[in-house]
Amino acid sequence: MYLLIPAAGVGKRMGSDRNKLLLEVRSQTILAWTLLAAQAADQISWIGIISQPIDWPDFKSILANLPLTKPVELIIGGSTRQESVYNGLQALPTAAEQVLIHDGARCLVTPDLLNSCAQAIRQCSGLIAAVPVKDTIKVVDESGIIQSTPDRSHLWAAQTPQGFNVELLKQCHAEGVRQGWEVTDDAALFEKCGIEVRIVQGEETNLKITTPQDLAIAEFILTSRSSSK
């Protein structure tokens, strides 16, 4: 299975002016933890890191110090996540029929979840890892007034990996460019094109590292995993 890792983000909410994937948790960068999970997932055979060339010297240094046996390619990112994934799709090997897309900042993903998504995408056109929402959600207007309370039983929090048929995703991205759609994940392109996207049970610990608090939580989770081995 082919894996694309969008990794072009700057950590503004982290209070950092550099790529947040270069920040460290337990003596490894966020990107390194993500790559180690991909290395340990036996269903993953190829990895593409979509990023800005300014980060490539740092990324190459990370790659040189990791025990990776799978081919890794650096791919030039775009100005948005959507553009970056589009670039990543064009850089996939021609043999790729399905692809997983996993945010580099979700460094707590387990090999088991990557494997589950890789196996499931062979049976459908599109999927996302997600977990049921625990909190009650309120829809609020611009004035801060609650408008409605959706039924929580129908709400899921989207994660990555997200998996897709490569040809269909390329078509959806092309349609998105034609229509001027701006989306925050690739599943939304499938939805806009009327293509079904399935849910694969995600992991509560599969956090996206966005704030300094997330770094502290990630450290706790990684320490817990290390001590339980």
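These numbers come from a predicted model, not from an experiment.
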Practice problem: Begin with the C-alpha distance, continue with both residues' side-chain angles, and end with the deciding distance and a verdict on side-chain contact (heavy atoms from CB on, under 4.5 Å) for Val200 and Ile121. | Solution: CA-CA 10 Å; Val200 170; Ile121 192 54; over 6 Å; no

Show me, pair by pair, the donor-acceptor contacts under 3.5 angstrom made by side chains of residues 186-195, not counting sequence neighbours?
{"from": "Asp186", "atom 1": "OD1", "to": "His173", "atom 2": "NE2", "distance (Å)": "2.7"}
{"from": "Asp186", "atom 1": "OD2", "to": "Arg81", "atom 2": "NH1", "distance (Å)": "3.1"}

Practice problem: Would you name the heavy atoms of Ile209 and Ala218 that are closest together and state the gap between them? | Solution: CD1-CB, 3.7 Å

Practice problem: Without swapping roles, check the side chain of Asn206 against the backbone of Thr160 for a donor-acceptor pair under 3.5 Å. | Solution: yes

Exercise. Evaluate the side-chain proximity of Val139 to Pro150: yes if any heavy-atom separation is below 4.5 Å, no if none is.
Key: yes

Quiz item: Hey, are the side chains of Ile50 and Leu4 touching, using non-hydrogen atoms and a 4.5 Å cut-off?
Solution: yes

Quiz item: Nearest heavy-atom pair of Pro111 and Ala37: which atoms, and what distance?
Solution: CG-O, 3.8 Å

Quiz item: So, for Ser227 and Ser224, which heavy atoms are closest and what is the spacing to 0.1 Å?
Solution: OG-O, 3.0 Å

Considering only distance and modelled atom types, tabulate donor-acceptor pairs under 3.5 Å from the side chains of residues 163-170, sequence neighbours left out.
{"from": "Asn165", "atom 1": "OD1", "to": "Glu167", "atom 2": "N", "distance (Å)": "3.1"}
{"from": "Asn165", "atom 1": "OD1", "to": "Leu168", "atom 2": "N", "distance (Å)": "2.9"}

Exercise. Could you tell me whether the side chain of Thr149 reaches within less than 4.5 Å of the side chain of Thr136, counting heavy atoms only?
Key: yes

Quiz item: With a cut-off of 6.0 Å (strictly less than), are more than 12 heavy atoms of other residues, nucleotides or ligands near OH of Tyr86?
Solution: no

Practice problem: For side-chain contact (heavy atoms from CB on, under 4.5 Å), just list the numbers for Asp55 and Leu22, CA-CA rounded to whole Å, side-chain angles, deciding distance to a tenth of an Å, and then say yes or no. | Solution: CA-CA 9 Å; Asp55 290 323; Leu22 297 173; 4.1 Å; yes

Quiz item: In Å, rounded to the nearest 0.5 Å, how long is the span from CG of Asp141 to CD of Gln147?
Solution: 4.0 Å

Quiz item: Is there a path of hydrophobic side-chain contacts, each under 4.5 Å between heavy atoms of I, L, V, M, F, W or Y residues, that connects Val183 with Val85?
Solution: no

Quiz item: Would you say Val109 and Trp46 are hydrophobically clustered, going by side-chain heavy atoms of ILVMFWY under 4.5 Å?
Solution: no

Practice problem: Could you pull out the closest heavy-atom pair between Gln119 and Gln123, with the gap in Å? | Solution: O-CG, 4.0 Å

Quiz item: Is there a side-chain contact between Ser51 and Ile75 (heavy atoms, below 4.5 Å)?
Solution: no

Exercise. Check the pair Leu23 / Thr29 against side-chain contact (heavy atoms from CB on, under 4.5 Å), numbers first and verdict last.
Key: CA-CA 5 Å; Leu23 299 175; Thr29 62; over 6 Å; no

Quiz item: Is a side-chain N or O of Glu83 found less than 3.5 angstrom from the main chain of Ser79, in a donor-acceptor match?
Solution: yes

Quiz item: Between Ser125 and Glu196, is any side-chain donor less than 3.5 angstrom from a side-chain acceptor?
Solution: no

Quiz item: Can you name the closest pair of heavy atoms from Pro93 and Tyr2 and give their distance?
Solution: CG-CE2, 3.6 Å

Exercise. Nearest 0.5 Å please: distance from the CG atom of Leu31 over to the CG atom of Asn19.
Key: 8.0 Å

Exercise. Could you check if a side-chain atom of Arg26 sits within less than 4.5 angstrom of a side-chain atom of Trp33, using non-hydrogen atoms only?
Key: yes

Quiz item: Side chains of Asp185 and Gln82: does their closest heavy-atom pair fall under 4.5 Å?
Solution: no

Quiz item: Quick one: do the Ser153 and Asp151 side chains pair a donor with an acceptor below 3.5 Å?
Solution: yes

Practice problem: Could you grab the distance from atom NZ of Lys134 to atom CG of Leu155, nearest 0.5 Å is fine? | Solution: 15.0 Å

Quiz item: Counting only N and O atoms by type, is there a donor-acceptor contact under 3.5 Å from the side chain of Lys138 to the main-chain atoms of Ser148?
Solution: no

Quiz prompt | Spacing of Leu113 atom CG and Leu108 atom CG [to the nearest 0.5 Å] | solution = 11.5 Å

Exercise. In sequence, state the C-alpha distance, the side-chain angles, and the governing distance for Lys20 and Thr210, and then conclude on side-chain contact (heavy atoms from CB on, under 4.5 Å).
Key: CA-CA 8 Å; Lys20 66 182 175 186; Thr210 305; 4.2 Å; yes

Quiz item: Taking NZ, NE, NH1 and NH2 as the nitrogens, is one of them in Asp103 or Lys208 under 4.0 Å from a carboxylate oxygen of the other?
Solution: yes

Quiz item: Under 4.5 Å between side-chain heavy atoms, hopping through other hydrophobics if needed: is there a path connecting Ile76 to Leu92?
Solution: no

Quiz item: Transitively linked via ILVMFWY side-chain contacts under 4.5 Å: Leu222 with Leu21?
Solution: yes

Quiz item: Looking only at side chains, do Thr205 and Glu203 share a donor and an acceptor under 3.5 Å apart?
Solution: no

Self-check item: Transitive ILVMFWY side-chain link Val133 to Ile199, under 4.5 Å
Solution: no

Atom pairs and distances, donor-acceptor, side-chain atoms in residues 61-74, under 3.5 Å, two or more places apart:
{"from": "Asn65", "atom 1": "ND2", "to": "Ser61", "atom 2": "O", "distance (Å)": "2.7"}
{"from": "Thr69", "atom 1": "OG1", "to": "Gln39", "atom 2": "NE2", "distance (Å)": "2.8"}
{"from": "Lys70", "atom 1": "NZ", "to": "Ala38", "atom 2": "O", "distance (Å)": "2.8"}
{"from": "Lys70", "atom 1": "NZ", "to": "Gln39", "atom 2": "O", "distance (Å)": "3.1"}
{"from": "Lys70", "atom 1": "NZ", "to": "Ala41", "atom 2": "O", "distance (Å)": "2.6"}
{"from": "Lys70", "atom 1": "NZ", "to": "Ile44", "atom 2": "O", "distance (Å)": "2.7"}

Quiz item: Under 3.5 Å, is there a donor-acceptor pair between the side chain of Ser45 and the main chain of Met1?
Solution: yes

Self-check item: Within-4.5 Å side-chain heavy-atom neighbours: Ile5 and Thr34
Solution: yes

Quiz prompt | Distance, nearest 0.5 Å, that separates CD of Gln159 from CD of Gln201 | solution = 8.5 Å

Quiz item: Hey, does the side chain of Arg106 reach the backbone of His102 with a donor-acceptor pair shorter than 3.5 angstrom?
Solution: no

Exercise. Mind checking the CZ-CG spacing from Phe220 to Leu215? Nearest 0.5 Å is all I need.
Key: 15.5 Å

Quiz prompt | For the student: nearest non-hydrogen atoms of Ala158 and Ile128, plus distance | solution = CB-CD1, 3.8 Å

Self-check item: Within-4.5 Å side-chain heavy-atom neighbours: Thr80 and Glu182
Solution: no

Quiz prompt | Heavy-atom donor-acceptor pair, Ser84 side chain to Gly78 backbone, under 3.5 Å | solution = yes

Quiz item: Crowded around Glu97 CD? As in, over 12 foreign heavy atoms under 6.0 Å?
Solution: no

